[in-house]
Amino acid sequence: MFSLNRDAPVLVTGASGYIASWIIRYLLEEGFTVHGTVRQFADKQRIEPLQAIAEGAPGKLRLFEANLLRHGDYQAPMQGCQVVIHTASPFLAGRVRKPQRDVVDPILEGISNVLLSVEETPSVQRVVFTSSLATVFCDTKEVLDRPKGYFTEADWNIRADIDYHPFKFAKTVAERQAWKMAGAQDRWDLVVINPGLALGPALHRRQHSASIDFFLGFLRGRYRFGVPDLSFGFVDVRDLAMAHVLAATTPTASGRHILVNEVHHMQDIARILREAYPRKFFLPDQIWSGWVSYLLAPFLGISWAYLRENQRYHPAFDNSYSIEDLGVEYRPFEDTILEQAEQVLRDGMV
Ligand SMILES: NC(=O)c1ccc[n+]([C@@H]2O[C@H](COP(=O)([O-])OP(=O)(O)OC[C@H]3O[C@@H](n4cnc5c(N)ncnc54)[C@H](OP(=O)(O)O)[C@@H]3O)[C@@H](O)[C@H]2O)c1
């Protein structure tokens with residue numbers, strides 16, 4: 001069985017990301033040496049927040065350049081690592097112009113590249129893969145077919161394809177490939193994290209993650225004319241990051257883990273923000289229905305097909321395995337929203 005060596009470095013791919021930067025912060029606080037990969041050293045916006053996280057922390061951070069699309073890039077950063085946490089992936093907001101190029105290729109070539117390097121690196125004994133709820137189900141309506149009325153780790157997305165939800169399709173193929181490669185050998189084991197939509201304060205001011213874009217939409221008045229009738233499973237980015245650290249360091253950890261704290265309607269976010277900041281933002285006060293939703297959804301990058309299969313349905317999840325297997329502690333959704341609002345205001349992002 002996997003036995004943790006606290007002196008061995010931990011590799012975190014996609015180090016500059018919204019989730020990865022919290023993972024790195026927690027690992028450094030625990031004294032680990034972290035090897036982080038970024039796409040470009042030249043981009044100060046990506047590097048400086050990571051340097052700030054590392055400053056004064058008990059652990060050490062070493063950065064490497066690596067691209068998911070370049071074969072062999074992960075070999076050097078993986079040297080000597082016992083644990084690999086693979087978070088890197090495009091996570092784009094709105095409609096993707098070229099799904100194959102922008103989403104499918106980086107996700108599928110990325111998982112192959114990283115796992116082929118794992119195969120060639122004898123020190124690696126555990127891989128933690130940031131998958132998604134996107135691999136658990138395709139559309140919220142499917143919850144009606146679940147025998148117990150909620151999604152569990154036993155569920156898989158079997159409906160997405162390259163034309164319908166290319167991101168969900170690619171993540172599903174990638175996670176299946178990871179399980180297949182893990183099952184074909186016995187030197188390293190695989191632990192998968194399947195998060196819902198992550199919100200909460202960021203450790204940088206970049207806005208590329210679809211999560212951050214979604215949240216900023218409320219404060220920037222994107223939904224001033226109302227919100228679609230959509231509900232999502234949410235998780236705080238800090239709880240999610242800690243789940244990765246627990247997955248990396250708990251010897252007995254195994255399998256898939258749904259990471260969702262609470263399910264909320266988009267309007268709940270508006271309500272929490274309105275109560276905390278009366279009249280400060282142009283927040284939505286109505287939920288679209290009928291033909292209005294079909295008329296307005298394309299302005300938010302939402303397709304009619306998506307609307308048909310998701311609006312009005314309320315998803316439900318069993319998150320008990322994340323608590324039992326990893327010991328995840330979830331914080332209240334309201335704290336997540338209010339603390340993210342404080343961060344984006346403090347950092348002048350709205
Ligand atoms: N945020 C959520 O709500 C959520 C929910 C479920 C699953 N996830 C998963 O969590 C992971 C991280 O998401 P996030 O929200 O932290 O997104 P993010 O902030 O956009 O981070 C993604 C990271 O992946 C890197 N990346 C993208 N394309 C790359 C490429 N071709 N080569 C190398 N690196 C590349 C990015 O590098 P650059 O900085 O160079 O762009 C960035 O560091 C993803 O796997 C996503 O699928 C996220």
Side-chain angles (χ1 to χ4, degrees), residues 11-25 36-50 63-74 77 85-94 96 101-114 117 128-137 157 160 165-175 178 192-216 232-241 243-244 247 256-261 317 336 340:
L11 172 62
V12 180
T13 70
S16 53
Y18 175 48
I19 299 167
S21 43
W22 275 107
I23 297 174
I24 290 174
R25 174 162 157 176
T37 65
V38 291
R39 254 193 290 193
Q40 293 168 341
F41 280 147
D43 188 334
K44 287 203 163 60
Q45 263 205 323
R46 286 166 162 85
I47 305 295
E48 282 175 358
L50 288 169
L63 294 177
F64 298 76
E65 254 182 19
N67 193 312
L68 293 169
L69 294 164
R70 272 199 310 260
H71 184 67
D73 269 14
Y74 292 90
I85 304 180
H86 178 40
T87 81
S89 157
F91 188 54
L92 307 170
V96 179
R101 184 199 65 185
D102 297 338
V103 173
V104 177
D105 288 346
I107 291 177
L108 296 189
E109 289 188 32
I111 192 80
S112 293
N113 267 338
V114 169
S117 294
V128 179
F129 174 50
T130 317
S131 185
S132 171
L133 278 187
T135 71
V136 172
F137 71 104
N157 182 342
H165 292 308
F167 171 79
K168 295 182 180 190
F169 167 69
K171 285 297 263 196
T172 306
V173 177
E175 195 195 315
V192 169
I193 305 291
N194 303 86
L197 187 54
L199 293 179
L203 290 171
H204 55 57
R205 299 172 61 183
R206 294 174 61 214
Q207 301 169 24
H208 54 291
S209 170
S211 283
I212 297 175
D213 180 79
F214 173 84
F215 185 77
L216 289 175
F232 302 96
F234 292 96
V235 60
D236 189 286
V237 66
R238 296 161 292 185
D239 301 339
L240 173 55
H244 283 78
R256 309 174 85 199
H257 301 81
I258 286 180
L259 258 286
V260 167
N261 183 18
F317 304 93
T336 301
Q340 185 164 14

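Model, not experiment: these values are computed from the prediction. Ligands are counted one by one from 1 in listed order, and the atoms in each one are counted from 1 as well.
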Is Phe214 near ligand 1, meaning one of its heavy atoms is under 4.0 Å from it?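 Flag not set, Phe214 not near ligand 1.
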Thr87: heavy atom below 4.0 Å from ligand 1, yes or no?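 Judged by the 4.0 Å heavy-atom criterion, Thr87 does count as contacting ligand 1.
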Distance from [X] atom [atom1] to [Y] atom [atom2], nearest 0.5 Å?
X	Y	atom1	atom2	answer
Trp22	Thr87	CH2	OG1	15.5 Å
Phe232	Phe214	CZ	CZ	5.0 Å
Ser117	Tyr74	OG	OH	9.0 Å
Ile19	Leu240	CD1	CG	4.5 Å

What protein heavy atom lies closest to [atom]? Include the residue and the distance to one decimal.
atom	result
atom 23 (C) of ligand 1	Ser89 O, 3.9 Å
atom 20 (O) of ligand 1	His208 CD2, 2.9 Å
atom 1 (N) of ligand 1	Ser211 OG, 2.8 Å
atom 5 (C) of ligand 1	Gly196 O, 3.2 Å
atom 8 (N) of ligand 1	Ser131 O, 4.0 Å
atom 6 (C) of ligand 1	Pro195 O, 3.4 Å
atom 19 (O) of ligand 1	Tyr18 N, 2.8 Å
atom 32 (N) of ligand 1	Leu68 N, 2.9 Å

Which atoms from ligand 1 have a heavy atom of [X] less than 4.0 Å away?
X	result
Ala88	24 (O), 34 (N)
Ser132	6 (C), 7 (C)
Asn67	30 (C), 31 (N), 32 (N), 33 (C)
Thr130	9 (C), 10 (O), 11 (C), 45 (O)
Ala66	33 (C)
Tyr74	33 (C)

Contact (N/O only, under 3.5 Å) between [X] and ligand 1:
X	value
Gly17	yes
Ala198	yes
Gly14	yes

When you look for heavy atoms under 4.0 Å from ligand 1, do you find them on the side chain of [X], its backbone, both, or neither?
X	result
Arg206	side chain
Phe232	neither
Ala210	neither
Ala134	neither

For His204 and Ser16, test the side chains for any donor-to-acceptor distance below 3.5 angstrom and give the result as yes or no.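 Side-chain D/A pair, His204 to Ser16: absent.
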What closest approach, in Å, do Ala134 and Phe167 show between heavy atoms, and which atom pair accounts for it?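 Of all heavy-atom pairs spanning Ala134 and Phe167, the closest is CB-CE2, 4.2 Å.
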Main chain of Val136, side chain of Asn157: is a donor-acceptor contact present, judged purely on distance under 3.5 Å?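 No, because the side chain of Asn157 does not come within donor-acceptor range (under 3.5 Å) of the backbone of Val136.
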If hydrogens are left out, which of Arg39, His204, Arg70, Lys171 has an atom nearest to atom 47 (O) of ligand 1, that is, the closest non-hydrogen atom?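 Selected option, by shortest heavy-atom distance: Lys171.
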Closest to atom 42 (C) of ligand 1 (judged by heavy-atom distance), picking from Ala170, Ser209, Ser16: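 Of the listed residues, Ser16 has the closest heavy atom.
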